Amino acid sequence: MNESVMHSVCDYLADCPLIDPDKPFYLDHVDDKDCYSVTTVPNVPCTKDVIGNKTYTVTFQFALRAAISKDAERCRNIDFLEKFCAWIEEQNEQRSFPALAANEIGRSIRVVESGALDEVSEDRVTGVYIAQLEFVYKQRRI
C-alpha cells in the first residue's frame, strides 16, 4: 500500500453506506458547496514497545457541509451525524478498520466528540458540522 494512513481513512469513511456518493469527499479541504471532508489535527507522536513496534493514535475531524437554512435541513444533518457516529461504533465492535500496509494493523476507531455545527456561511445557507474521531493502529517492526 502506497497511500498515507489519512488517505486510507478517507477512503474507508467514504465507503460508509450513509455517505451520499454524489457529494465530493475531500482530504484536508472543505468546499463551499455540500461535501464531506476528513481533516487532520495535531497528534501525539507514537509510542514504542520494547521490541520496536510502534502504536500511533491519529485524531482527525470528519466534516459535513450541508444546507442549514431550514429546521428540517438542520434536523436531517443532526440525524445523519448521529447515524454516522453509530456506524463508527459498529465498525469498531466488528474490528473493521481502514486498509493499512502489510506491517500495520488497526486497533480501534472511535468517536471522540460527536457532531456539532461548527461554521456557518456568510449567507447562512450552509454550515459545516464536525465530529472528532480517533484511529489507533500498530506498526509492527519488520
Side-chain angles (χ1 to χ4, degrees), residues 1-49 52-142:
M1 181 180 103
N2 294 329
E3 298 177 342
S4 70
V5 170
M6 285 310 302
H7 192 266
S8 292
V9 166
C10 196
D11 288 346
Y12 170 81
L13 296 177
D15 284 341
C16 171
L18 300 166
I19 299 296
D20 181 346
D22 294 330
K23 290 182 185 175
F25 204 116
Y26 300 113
L27 178 58
D28 271 344
H29 170 73
V30 178
D31 205 349
D32 59 352
K33 296 181 175 90
D34 288 5
C35 68
Y36 305 99
S37 176
V38 171
T39 57
T40 55
V41 297
N43 289 287
V44 176
C46 67
T47 59
K48 197 176 199 181
D49 65 22
N53 297 318
K54 297 177 182 177
T55 300
Y56 294 88
T57 300
V58 180
T59 305
F60 59 94
Q61 293 179 333
F62 170 79
L64 161 69
R65 178 173 292 281
I68 61 163
S69 59
K70 298 176 183 165
D71 285 342
E73 292 168 333
R74 291 188 298 277
C75 288
R76 196 169 31 253
N77 297 335
I78 293 297
D79 183 55
F80 167 82
L81 285 170
E82 287 175 0
K83 289 177 180 173
F84 177 80
C85 290
W87 180 82
I88 292 293
E89 291 172 13
E90 289 170 12
Q91 298 312 296
N92 190 55
E93 289 170 7
Q94 295 171 8
R95 304 202 45 79
S96 173
F97 305 120
L100 298 169
N103 68 323
E104 298 171 334
I105 184 167
R107 292 290 186 206
S108 68
I109 189 164
R110 70 182 188 100
V111 177
V112 176
E113 291 181 353
S114 59
L117 183 60
D118 185 63
E119 176 187 312
V120 176
S121 62
E122 281 187 36
D123 59 7
R124 305 191 62 76
V125 173
T126 65
V128 177
Y129 290 83
I130 292 180
Q132 189 160 340
L133 293 95
E134 178 182 88
F135 176 50
V136 177
Y137 69 98
K138 185 174 192 173
Q139 185 180 64
R140 293 184 306 266
R141 186 170 168 231
I142 299 176

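Index from 1, following the sequence. If you're wondering where the values come from, they're calculated on a predicted model, not measured in any experiment.
The distance from atom CD of Gln132 to atom CG of Asp118, rounded to the nearest 0.5 Å, is 10.5 Å. Here Ile88 contributes atom CD1 and Lys83 contributes atom NZ; the two are 15.5 Å apart, rounded to the nearest 0.5 Å. Taken from CD in Glu113 to CG in Leu133, the straight-line distance is 10.0 Å, to the nearest 0.5 Å. The OG atom of Ser114 lies 12.5 Å from the CD1 atom of Ile130; values are rounded to the nearest 0.5 Å. The CG atom of Asp123 sits 9.0 Å away from atom OG of Ser69, with the distance rounded to the nearest 0.5 Å. A distance of 4.5 Å separates CD of Gln61 from OG1 of Thr39, quoted to the nearest 0.5 Å.
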Exercise for the section: List the steps, then state whether side-chain hydrogen bond (donor to acceptor under 3.5 Å, both in side chains) holds for Thr57 with Asn43. Expected result: CA-CA 7 Å; Thr57 300; Asn43 289 287; over 6 Å; no
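Between Tyr36 and Ile19 the shortest heavy-atom distance is CE1-CG2, 3.5 Å. A pairwise comparison of heavy atoms in Cys35 and Tyr26 identifies CB-CE1, 3.8 Å as the closest pair. Residues Asp31 and Arg65 approach most closely at O-NE, 2.6 Å, considering heavy atoms. Nearest heavy atoms, Asn53 versus Arg141: OD1-N, 2.7 Å. The minimum heavy-atom distance between Ala63 and Val128, with the atom names listed, is CB-CG1, 4.0 Å. The shortest heavy-atom contact between Leu81 and Ala116 is CD1-N, 4.4 Å.
Between Tyr56 and Tyr137, the ring-plane angle classifies as parallel under the 30° and 60° cut-offs. Using cut-offs of 30° and 60° for the angle between ring planes, the Phe84 and Phe62 rings count as parallel.
Contact annotation: the side chain of Thr40 never approaches that of Phe60 to less than 4.5 Å [non-hydrogen atoms, C-beta and beyond]. Using a 4.5 Å heavy-atom threshold, the side chains of Trp87 and Leu13 count as touching. Here the side chains of Ile68 and Asn77 are in contact, with some heavy-atom distance below 4.5 Å. Side chains of Val38 and Phe25 form a contact here, defined as non-hydrogen atoms less than 4.5 Å apart.
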For residues 91-101, please give each side-chain donor-acceptor pair under 3.5 Å, one per line with the distance, not counting sequence neighbours.
from, atom 1, to, atom 2, distance (Å)
Gln91, OE1, Ser96, OG, 3.2
Asn92, OD1, Ile109, N, 2.9
Arg95, NH1, Arg107, O, 3.2

